[in-house]
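Okay, so here's the structure we're looking at.
What you see is a predicted model; the values in this text were computed from it and never measured. Worth knowing before you read on, the calculation uses all heavy atoms, side chains too, and leaves out hydrogens, waters and symmetry mates. Note that ligands are numbered from 1 as they come in the structure, with each ligand's atoms numbered from 1 the same way.
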Amino acid sequence: MSISTAFQFSHRQHGLKTRVTGEATKAVADSFDVIVIGIGAMGSSACYQLARRGVRVLGLEQFDIPHALGSSHGQSRMIRMAYFEHPDYVPLLQRAYALWDELEQVSGQKLLYRTGGLYMGPRDGEIVGGSLASARRHNLPFESLGSDELRRRFPQFHLPDTWVGVLEPHAGFLLPERVVAAHAEAALRAGAQLHGREMVLDWRADPRGATVRTTRNEYHAGQLIFCGGPWSGKLLRDIGVDLVVTRQVLAWVWPKQPDLFTLDRLPVWAIDHLDGTLHYGFPMMNEVPGFKIAHHGRGAVTDPDRVERDPQPGDEKTFRPILSQILPAADGPLLSMKVCLYTNSPDGHFMIDRHPHHERVTVACGFSGHGFKFASVVGEILADLAMNGRTPLPAAFLGLSRFASKK
Ligand SMILES: Cc1cc2nc3c(=O)[nH]c(=O)nc-3n(C[C@H](O)[C@H](O)[C@H](O)COP(=O)(O)OP(=O)(O)OC[C@H]3O[C@@H](n4cnc5c(N)ncnc54)[C@H](O)[C@@H]3O)c2cc1C
């Protein structure tokens, strides 16, 4: 049964104790303090943050934990502090970094590589201008590189003469599959129940609590948290904000001069296209062979249940011209490609808030292709919102009310 059909079906039911099916009357099963729907980047973190507070939490995931069918796979995710998207994100990043350090300790694993970050473009472009604005507002360390110095220190890039660079020491990358697994395991060890391969079919909430029906069971909880990633639009039809899911391509090539692209020579990097999009990439790492590059700009609009997940020959066009024009020493044979999904909010900023119509429901979605680095702190914010109704972290700018005023 589809989520929408099931949702209408469940809305016709009265009372939470029993549900009449065609064959039998089935008793409602387990009860929790909080149910988290979706155990990807944000949901696994929320489960950990709740469980460590002693909250009885159930996490429900439709696929395996972790898996490669949503938004949180592909071996690396960039983390930056001088955030060109908006300086208001910086305090959240500062808390996110502290929580990443903590997760490394709890899991006993390396999850974050600090390589530094190099952002390149015209001086007043979005990436250079925005990164400098955030760094200055929050007193973050950075180096400004003029075009000569940029060419001298980073000969990998063949850039227009007028382009400059910003180099920040705090940037690097996270290992996404390992992070989701580490959050999930830490949550389990702290007492959370996590169920993989159990899809949520429908839910309902009232002022006393919430009920969730899955492919296996029915559960009741005092609070519900939605972390459905690309499926959020299907799960949350009544939040009044359109989410657009897009198909994104990641690629690995074997550079013509591999020594220029190693972990000790290259920071994570991004170049501005002056149209709101950028190309970005990572130094070569042990987990997967080759040099990774991708385009950060909306790909083709898609549906997470019907998307073409197999990379297609035409997908190479999303990055090959940049290799030949700007990174000629990396322009070698293709090794692999992967397809991943963005869930774009109308303004490209995250949506983290209480549900506008259900006081016991909290939502986290619309991460618009830049959310992973925040997953550690998003889990903390969600735990705060679900348990206390508010968070001391400065996350109000990500609330849903910003869209209401535009209608
Ligand atoms: C190609 C690409 C590159 C990116 N690069 C970066 C980067 O460099 N830096 C960065 O910070 N961010 C980056 N991002 C963005 C970041 O990865 C995402 O913002 C983040 O992973 C979103 O996490 P999520 O928890 O919202 O979604 P997901 O991790 O996809 O989790 C959602 C989960 O909900 C589950 N679910 C949905 N519906 C149901 C249901 N009915 N029942 C049960 N379970 C359900 C799904 O199966 C899924 O596991 C990138 C994203 C992509 C696609």
Looking only at heavy atoms of His296, does any of them come nearer than 4.0 Å to an atom of ligand 1? no
Would Glu85 and Arg80 pass as an ion pair if we require N to O under 4.0 Å? yes
Hey, is Phe372 touching ligand 1 through its side chain, its backbone, both or neither, going by heavy atoms under 4.0 Å? both
Applying the ring pair (Phe, Tyr, Trp, His ring centres under 6.0 Å) criterion to Trp269, which one of Phe157, Tyr119, Phe282 satisfies it? Phe157
Any idea how Phe367 and Phe350 line up, ring-wise: parallel (<30°), tilted (30 to 60°), or perpendicular (>60°)? tilted
Should the proximity of Arg77 to ligand 1, defined as any heavy atom under 4.0 Å, be assigned to the side chain, the backbone, both, or neither? both
Tell me whether the guanidinium CZ or amine NZ of Lys338 lies under 6.0 angstrom from the six-membered ring centre of Trp252 and within 45° of its axis. yes
I need the contact type for Val249 against ligand 1. Using non-hydrogen atoms and a strict under-4.0 Å cut-off, is it side chain, backbone, both or neither? neither
Enumerate the atoms of ligand 1 whose separation from the nearest heavy atom of Gly369 is less than 4.0 angstrom. 6 (C), 12 (N), 13 (C), 14 (N), 15 (C), 50 (C)
Considering Ala68, Gly366, Gly229 one by one, which has a heavy atom nearer to atom 27 (O) of ligand 1 than any of the others? Gly229
Subset of ligand 1 atoms that lie under 4.0 Å from at least one heavy atom of Tyr342: 2 (C), 50 (C), 51 (C), 52 (C), 53 (C)
Within-cut-off N or O pair, Glu61 and ligand 1, under 3.5 Å: yes
Going by the 4.0 angstrom heavy-atom rule, the piece of Leu341 near ligand 1 is backbone
For ligand 1, which part of Pro230 has a heavy atom less than 4.0 Å away: the side chain, the backbone, both, or neither? side chain
Side-chain ion pair, Arg216 and Asp30, N-O less than 4.0 Å: no
For atom 30 (O) of ligand 1, which candidate among Ser71, Gly40, Ala41, Cys365 provides the closest heavy atom? Ser71
Which of the atoms of ligand 1 are close to Phe63, meaning less than 4.0 Å from one of its heavy atoms? 47 (O)
If you measure every N or O of Met199 against every N or O of ligand 1, does any of those distances drop under 3.5 Å? no
Would you say Val200 and ligand 1 have an N/O pair spaced under 3.5 Å apart? yes
For the residue pair Phe154 and Trp163, is the inter-centroid distance of their aromatic rings smaller than 6.0 Å? no
Heavy-atom distance to atom 28 (P) of ligand 1: which of Gly70, Ser72, Ala46 wins? Ser72
Taking 4.0 angstrom as the limit, do Asp331 and Arg320 come out as a salt bridge? yes
So, is Gln248 polar-close to ligand 1, with some N/O to N/O distance under 3.5 Å? no
Is the count of non-hydrogen atoms from other residues, nucleotides or ligands lying under 6.0 Å from Arg53 atom CZ greater than 12? yes
Does CZ belonging to Arg309 count more than 12 external heavy atoms closer than 6.0 Å? yes
Once you restrict to heavy atoms under 4.0 Å, what part of Tyr280 touches ligand 1? Side chain, backbone, both or neither. side chain
Counting from 1 in the order shown, the ligand 1 atoms closer than 4.0 Å to a non-hydrogen atom of Phe367 are 19 (O), 26 (O)
Could you report the tightest heavy-atom contact between Asn344 and Arg298, atom names first, then the distance? CB-NH2, 3.3 Å
Close N or O approach (Phe282, ligand 1; < 3.5 Å): no
Could you tell me, atom by atom, which parts of ligand 1 come under 4.0 Å of a heavy atom of Gly228? 32 (C), 34 (O), 37 (C)
Can you see which heavy atom on Pro176 is nearest to which on His73, and at what distance? CG-C, 4.4 Å
Hey, is ligand 1 close enough to Leu250 that some N/O pair sits below 3.5 Å? no
Relative to each other, are the rings of His349 and His86 parallel, tilted or perpendicular (30° and 60° limits)? perpendicular
Assess, by modelled atom type and distance only, whether the side chains of Gln193 and Tyr219 contain a donor and an acceptor separated by less than 3.5 Å. no
Does the N or O separation between His67 and ligand 1 drop below 3.5 Å for any pair? yes
side-chain contact (heavy atoms from CB on, under 4.5 Å) partner of Ile271, chosen from Leu159, Leu278, Ile127, Leu327: Leu159
Test side-chain contact (heavy atoms from CB on, under 4.5 Å), reference His295, set Val249, Ile322, Leu250, Thr277, output is Thr277
Contact region, Cys227 to ligand 1, non-hydrogen atoms below 4.0 Å, reads backbone
Going by the 4.0 angstrom heavy-atom rule, the piece of Leu60 near ligand 1 is backbone
Can you tell me if His138 and Tyr83 form a side-chain donor-acceptor pair at under 3.5 Å? no
Please determine whether any non-hydrogen atom of Ala294 lies less than 4.0 Å from an atom of ligand 1. no
For Leu235, take its heavy atoms, then give the atoms of ligand 1 lying under 4.0 Å from any of them. 38 (N), 41 (N)
Heavy atoms only, cut-off 4.0 Å: how does Lys234 contact ligand 1, side chain, backbone, both, or neither? neither
